[in-house]
Asker: 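Sending over a structure as structure tokens; questions will come in a sec.
One-based numbering, in listed order, for ligands and for the atoms of each.
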Amino acid sequence: MTTIRLVQGDITRESVDAIVNAANSSLLGGGGVDGAIHRRGGPAILDECRKLRASQYGKGLPTGQAVATTAGDLDARYVIHTVGPVWSSTEDRSQLLASCYRESLRVADELGARTVAFPAISTGVYGWPIDDGARIAVETVRAAHTAVEEVRFVLFDERAYEAFAGHVR
Ligand code: AR6
């Protein structure tokens, strides 16, 4: 059984085996949680991302997939980068968002990670409504077959925290 914990705060301050990054397919950094992870984690993360782009992800990491790098100076062993879908009001992309959580946990299992911190993927720059993003996150983690013992959702603000709390209760 995977325990779900909710924390309000900055994910780059967490101590876990793996921190999940809401990246973009370039893997070369950006704003939001991605920017914060690269800033605090230091250049070792970007170095490995560049190597991934030069090898198996020449065209970038596709939406819904996940890949791991070092966590650099963060208090974690790995950063798992995943690319959420951009919100669309005309097309249902929820399977891609669910895939981000599932694939990140699959990568965590491959690495032997037992504690994993997630941000609310796609709910910032990518515009996904927070309540729906929280529902998909919690439902997908609950349904996942994983050896991860603790999934910690780290929510940046109170609104996001309350959205997740509404689905975990
Ligand atoms: N800790 C935890 N959560 C955070 C932090 C933090 N330090 N900073 C922001 N959030 P976003 P996306 C929350 O925009 O929507 C980047 O430029 C934020 O409040 O980081 O998946 C990438 O490079 C929101 O709830 O990611 C991509 O281009 C959630 O994290 C694009 O943004 C996700 O917001 C990805 O957009």
Side-chain angles (χ1 to χ4, degrees), residues 4-43 45-50 52-53 57 59-69 71-76 78-89 91-105 107 115-141 150-168:
I4 294 179
R5 271 186 63 200
L6 304 183
V7 172
Q8 191 183 325
D10 178 350
I11 200 167
T12 68
R13 301 287 185 178
E14 294 296 313
S15 307
V16 279
D17 292 331
I19 292 176
V20 176
N21 181 19
N24 60 64
S25 66
S26 83
L27 290 175
L28 300 179
V33 73
D34 194 6
I37 283 172
H38 282 284
R39 261 194 313 278
R40 191 171 295 278
I45 301 175
L46 192 56
D47 281 353
E48 276 195 32
C49 287
R50 288 212 178 93
L52 287 168
R53 285 301 307 276
Y57 294 106
K59 291 180 180 163
L61 181 67
T63 303
Q65 295 189 25
V67 67
T69 65
D73 301 329
L74 297 173
D75 192 8
Y78 311 100
V79 169
I80 298 174
H81 307 264
T82 189
V83 183
V86 175
W87 163 258
S88 165
S89 57
E91 187 187 22
D92 181 9
R93 299 178 179 165
S94 24
Q95 280 311 315
L96 284 169
L97 184 54
S99 174
C100 289
Y101 290 97
R102 243 185 337 259
E103 286 297 300
S104 296
L105 290 173
V107 170
T115 52
V116 179
F118 279 96
I121 300 164
S122 286
T123 66
V125 175
Y126 283 179
W128 207 286
I130 186 65
D131 186 62
D132 198 53
R135 176 188 63 78
I136 291 167
V138 171
E139 283 179 0
T140 305
V141 167
E150 180 189 324
V151 164
R152 198 178 302 167
F153 289 113
V154 183
L155 296 324
F156 209 40
D157 55 28
E158 196 176 339
R159 191 157 161 258
Y161 182 92
E162 289 306 328
F164 273 72
H167 292 281
V168 168

Asker: With heavy-atom distances below 4.5 Å as the criterion, would you say the side chains of Leu46 and Leu28 are in contact?
Answerer: yes

Asker: Which residue owns the protein heavy atom closest to atom 14 (O) of ligand 1, what's the atom, and how far is it?
Answerer: Val125 N, 2.8 Å

Asker: Can you name the one residue among Ser94, Ser122, Cys100 that meets side-chain contact (heavy atoms from CB on, under 4.5 Å) with Ile136?
Answerer: Ser94

Asker: Do Arg5 and Val168 have side chains that get closer than 4.5 Å, going by heavy atoms?
Answerer: no

Asker: Using a 4.0 Å cutoff against the non-hydrogen atoms of Asp34, which atoms of ligand 1 qualify?
Answerer: 22 (C), 23 (O)

Asker: Within a strict 4.5 Å, meaning less than it, do heavy atoms of the Pro85 and Trp128 side chains meet?
Answerer: yes

Asker: Specify side chain, backbone, both or neither for Val154, according to which of its non-hydrogen atoms lie closer than 4.0 Å to ligand 1.
Answerer: backbone

Asker: Would you say the side chain of Leu105 lies within less than 4.5 Å of the side chain of Val151, judging by non-hydrogen atoms?
Answerer: yes

Asker: Going by distance only, is there an N or O of Asp10 that falls short of 3.5 Å from an N or O of ligand 1?
Answerer: yes

Asker: Is any side-chain heavy atom of Phe153 closer than 4.5 Å to one of Val141?
Answerer: yes

Asker: Heavy-atom distances under 4.0 Å are what count here, so tell me which part of Ala36 touches ligand 1: side chain, backbone, both or neither.
Answerer: side chain

Asker: Give the residue and atom name of whichever protein heavy atom lies nearest to atom 21 (O) of ligand 1, and the separation in Å to one decimal.
Answerer: Ser122 N, 2.8 Å

Asker: What pair of heavy atoms forms the shortest contact from Ile80 to Ser104, and how long is it?
Answerer: CD1-O, 3.6 Å

Asker: Among protein heavy atoms, which sits nearest to atom 13 (C) of ligand 1, and what does the distance come to when rounded to 0.1 Å?
Answerer: Phe156 CB, 3.9 Å

Asker: Give the residue and atom name of whichever protein heavy atom lies nearest to atom 36 (O) of ligand 1, and the separation in Å to one decimal.
Answerer: Tyr126 CG, 3.4 Å

Asker: For ligand 1 and Asn24, I'd like to know whether there is a polar contact (N/O to N/O, distance under 3.5 Å).
Answerer: yes

Asker: Polar-atom distance check: Val33 versus ligand 1, any N or O pair below 3.5 Å?
Answerer: yes

Asker: Does Ile11, backbone or side chain, put an N or O under 3.5 Å from an N or O of ligand 1?
Answerer: yes

Asker: Is Leu74 close to Ile45 at the side-chain level, that is, under 4.5 Å between some pair of heavy atoms?
Answerer: yes

Asker: Looking at ligand 1, does any of its N/O atoms fall within less than 3.5 Å of an N/O of Gly32?
Answerer: no

Asker: Kindly confirm or rule out an N or O of Gly31 lying under 3.5 angstrom from an N or O of ligand 1.
Answerer: yes

Asker: Can you tell if the side chain of Glu14 reaches within under 4.5 Å of the side chain of Thr115, non-hydrogen atoms only?
Answerer: no

Asker: Is the shortest N/O to N/O distance between Pro119 and ligand 1 below 3.5 Å?
Answerer: no

Asker: Hey, is the main chain of Ser26 close enough, under 3.5 Å, to the side chain of Arg53 for a donor-acceptor pair?
Answerer: yes

Asker: Tell me the protein heavy atom at minimum distance from atom 33 (C) of ligand 1, and give that distance in Å.
Answerer: Ala120 O, 3.2 Å

